[in-house]
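To keep things clear, I will list the structure first and then write my remarks on it.
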Amino acid sequence: MSAAAPLSLPEALASANAWPFEEARKIIKRIEVTGQKEVLFETGYGPSGLPHIGTFGEVARTTMVRHAFRILTEDRIKTRLLAFSDDMDGLRKVPDNIPNKELVASALGKPLTQVPDPFGTHPSFGAHNNARLRAFLDSFGFEYEFASSTEYYTSGRFDAALLHMLAHLDAVMTIMLPTFREERAATYSPFLPIHPRTGIVMQVPIEKADAGAGTIVWRDPETGEAFETPVTGGHCKLQWKPDWAMRWYALGVDYEMAGKDLIDSVKLSGRIVQALGGKPPEGFNYELFLDEKGQKISKSKGNGLTIEEWLTYASPESLSLFMYQKPTAAKRLYFDVIPRTVDDYLSFLDAYPRQAFKEQLGNPVWHIHSGEPPAPETLTHDNQATTISFGMLLNLAAVANSEDPAVLWGFLRRYAPNVSPQNHPRLDKLVGYAVRYFRDFVRPSKTYRDPDAVETEALKSVLVMLEGLPQDASAEVIQTALYDVARAIPRYQDLKAKGATPERPGVSNDWFSMLYAVLLGEARGPRFGSFVALYGIAETRALIEKALRGDLSREHALFLQSQ
RNA sequence: GAGCGCGUAGCUCAGUCGGUAGAGCAUCUGACUUUUAAUCAGAGGGUCAUGGGUUCGAAUCCCAUCGCGCUCACCA
C-alpha cells in the first residue's frame, strides 16, 4: 500500500462511504435539526403470509444502517427497531398453503386478528403469523421490538393521530383522490370502519365526518342501515397508504426502507404525513430480487429462491452478505449465486484481520457482524494457513462422490491432521452445506457410462488386485498397484511418458478418465489411490462389481427419473 | 404514461468520495519423485453499449441516444 499513515478510527469513520454509513448520515442530518435523543427505525410486515427472504433482507439491511448510526453517534442517541405487523388488515383471500380452509373462509373480510387460527395453536390467524414472524427474526438474533397494529389501534395509542387525520380529512382526500379512477374515487375513504355486527372491515364511502365528535357516518351497502362509528379505539382502521402515514406521524418513525414497487406509495404517504404537519422518515428504495430468468420473485408465483432453500445450502451470514451487496441493483437470486456468495463471504472474513480501519469499515463482514466479525477458520498445512472455500468443498464432495460429511473430513484431515469438527465448527457446517449442495445439484448432473469389453476386463483385473491387498493398504501402495494393472493393458500404455521404456511402458490419462467415467460418473476425479484408501477397499470392490453389472448407470437413471 | 435498474474478458460478475482495467470459471503453457489434483506459476483475451460534456486525467460525475429488463399506474 502507500506510505501514507493509516487513518485513525475516527478519521476512517468520517470518510466511510459504505451505503449503511451514507444512510446513517441522512438520519444524523435529520436529528441535528430536531435535537431528538432517540431514533426509531421501522420495518413493516403484512401478516397474511409467512415471513420470507424479503422480510429477512429488510430487517438485515435496516439493522446494518442502525449499527452504522450507533457507531457514528457513539451510542449517544438511543435507537429502536420496530417490526410492525399490519395484523388488523382485513383478510381478502384464503391462502392456499393452510389447513382448515373452511374455518378461515368463514372469516373473510375480518381483521386477521379476528380470523380463527387454521393451525389451532394461537388465538387468531394474525397471532399465529405474528408468532411465526417473531420466531423467524429471533432465529437470526435480530434485535427488535415487535408491534401489533391491532394492539396499537385498540389500546388507543393511535387515537390522537386518528383524530388529527379526521380533522385533516380534506387534505388527505386531496392527496389520494387524483391517484384513483373515477369509480374508485367516488367511494374512497381513508377510514375503514369495522362493522359493529359482522366484524368485517368495511370499504364504504363516508357520508359524514364529524371531527368534533371523532366519528364518521357510513351505510351498510347490503342493508342500507346507517352507522356512526368512532375513528378511535380500534373501531376504524385506515386504508393502507394513510395508515402508513398515520403510523409514521403517530410514532415518529425516522427511518424505513421499502422495495422499488412501493416508490409511489412512499411518496404519497410522505405527502400525507406532511399534510398532518409531520415529517416523513428517511429511507431508500431497494431493488427487487429476480429469479434465474430475470422475473420478479413473488410469493404467489413461487419462483426464485426461498429463504429455507438458501439456508439449506449456506449460512445466514452468506445471505446477509447477499443483502448487503448493492441493495439498489436488481439481482438474480437463484441457486447458482449461493457458492459464489459463500466464498465471497469467506474471503471478506479472511481479509478482515489484515485490513486497516478504513478498509474494515467497507468490508461487508463488519456490517454483517455488527463490527465484530469472528476470526476466520483456517487449516494449517506445511506451516501455511489456508481458508477452505466452499467451491473447494463442493469439488471434494463431487470427486469423493460422497454425501457423507465424514468422508470429506477424511480428506481434510489428511491435508491438515489436527483439524476436526470440534475445533472447526463453522467449517463443519460448511461441509454439511457442501454435501447437501452436492446431493441436490451436482449428483443429478452426473453421467455414468457402462464399461466396454476392454474396460470390463481391466476392471476385473482391478478387482483381483484389490483382493490381494491388505485392508489397510496405503494410498501409495494402491496407486502403484493401479498403475501396474494398467501397464499390462495395451489401450492404456503410453510409451512417450516420462521414464517409460518398451519393457515398462507408462500409463496414459485415459486409464484414470475411464475409472472416473465408469465408477464416479464424472469426467475428472481424485487421485484414485487416495480415493480407494478413504472409501475403503471392500467398498471399492463392491462399487466396481456394481459397475460391471451395469447397476451404477441403471441406478443413476432411476435416481434421475425420481427427481 | 410515470419511475427505476442494468449494459466491463468467451461465461458469471467485482471495480469503495475520478488517477495507467480485476476475480472466478473456461482456454492455453509449464512445474510438482511413475502424465491422476483439494497444488503452484504463467499466458492469451476487453474501443469498460454509443455520442458528447466537465476535468490535467472518466468504467467511475453530467447530458443525450440505443439495447435489455423490472416496477407502479383498481389491493396491500
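The chains referred to below are lettered A, B, ... by the order of the sequence lines, with proteins before strands, and numbering in each begins at 1. This is a predicted model, so every value here is computed, not measured.
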Rounded distance in Å - [atom1] ([X]) to [atom2] ([N]):
X	N	atom1	atom2	value
Tyr483(A)	rU34(B)	OH	C1'	6 Å
Tyr345(A)	rA14(B)	OH	P	20 Å
Asp261(A)	rG69(B)	CG	P	20 Å
Leu288(A)	rG3(B)	CG	C1'	12 Å
Asp344(A)	rC25(B)	CG	P	13 Å
Asp343(A)	rU12(B)	CG	P	19 Å
Leu430(A)	rA38(B)	CG	C1'	13 Å
Ile263(A)	rC70(B)	CD1	C1'	11 Å

So what does Asp86(A) touch, heavy atoms closer than 4.0 Å: a base, only the sugar-phosphate, or nothing?
-> sugar-phosphate
With [atom1] as the reference atom in both, quote the distance from [N] to [M] in angstrom, rounded to an integer.
N	M	atom1	value
rA26(B)	rG44(B)	C1'	13 Å
rU29(B)	rG45(B)	C1'	15 Å
rG24(B)	rA9(B)	C1'	12 Å
rA58(B)	rC11(B)	P	27 Å
rC4(B)	rG46(B)	C1'	28 Å
rU8(B)	rU33(B)	C1'	45 Å
rU20(B)	rC63(B)	C1'	27 Å
rU12(B)	rC74(B)	P	36 Å

Dot-bracket for RNA chain B, 5' to 3', Watson-Crick and G-U pairs with both distances under 3.5 Å, [ ] for crossing pairs, | for partner on another strand, reads ((((((((.[[[[.)...(..]]]].(((((.......))))).....[[[[[..)....]]]]])))))))....
Can Asp343(A) and Arg340(A) be said to form a salt bridge (Lys or Arg N to Asp or Glu O under 4.0 Å), step by step?
-> CA-CA 5 Å; Asp343(A) 277 345; Arg340(A) 187 198 155 131; over 6 Å; no
Flag for Asp87(A)-Thr113(A): side-chain donor and acceptor within less than 3.5 Å = no
Distance, nearest 0.5 Å, that separates CG of Leu482(A) from CG of Leu466(A) | 7.0 Å
Less than 4.0 angstrom from a charged side-chain N to a carboxylate O is my criterion; do [X] and [Y] meet it?
X	Y	answer
Glu42(A)	Arg247(A)	yes
Arg491(A)	Glu455(A)	yes
Lys237(A)	Asp86(A)	yes

For the side chain of Thr480(A), counting heavy atoms from C-beta on, which of rC74(B), rU34(B), rU71(B) is nearest?
-> rU34(B)
Out of rC74(B), rU34(B), rC13(B), minimum distance to the side chain of Arg487(A) belongs to rU34(B)
Non-neighbouring partners of [X] that pass side chain to side chain donor-acceptor pair (under 3.5 Å), sequence neighbours left out:
X	value
Ser265(A)	none
His195(A)	Asp220(A)
Lys267(A)	none

Could you say whether Arg340(A) or Lys241(A) is positioned toward the 5' end of RNA chain B, judged by the nucleotide with the nearest heavy atom to each?
-> Arg340(A)
Which residues share a side-chain contact (heavy atoms from CB on, under 4.5 Å) with Ile200(A), sequence neighbours left out = Lys110(A), Thr198(A), Met202(A)
Kindly state whether the ring of Phe322(A) and the ring of Phe289(A) have centres lying under 6.0 angstrom apart.
-> yes
OP1 or OP2 of rC13(B) less than 4.0 angstrom from a side-chain nitrogen or oxygen of Arg332(A), does that happen here?
-> yes
What's touching nucleotides 5-11 of chain B from the protein side, N or O pairs under 3.5 Å?
{"unit_1": "rG5(B)", "atom_1": "O4'", "unit_2": "Glu287(A)", "atom_2": "OE2", "d": "3.2"}

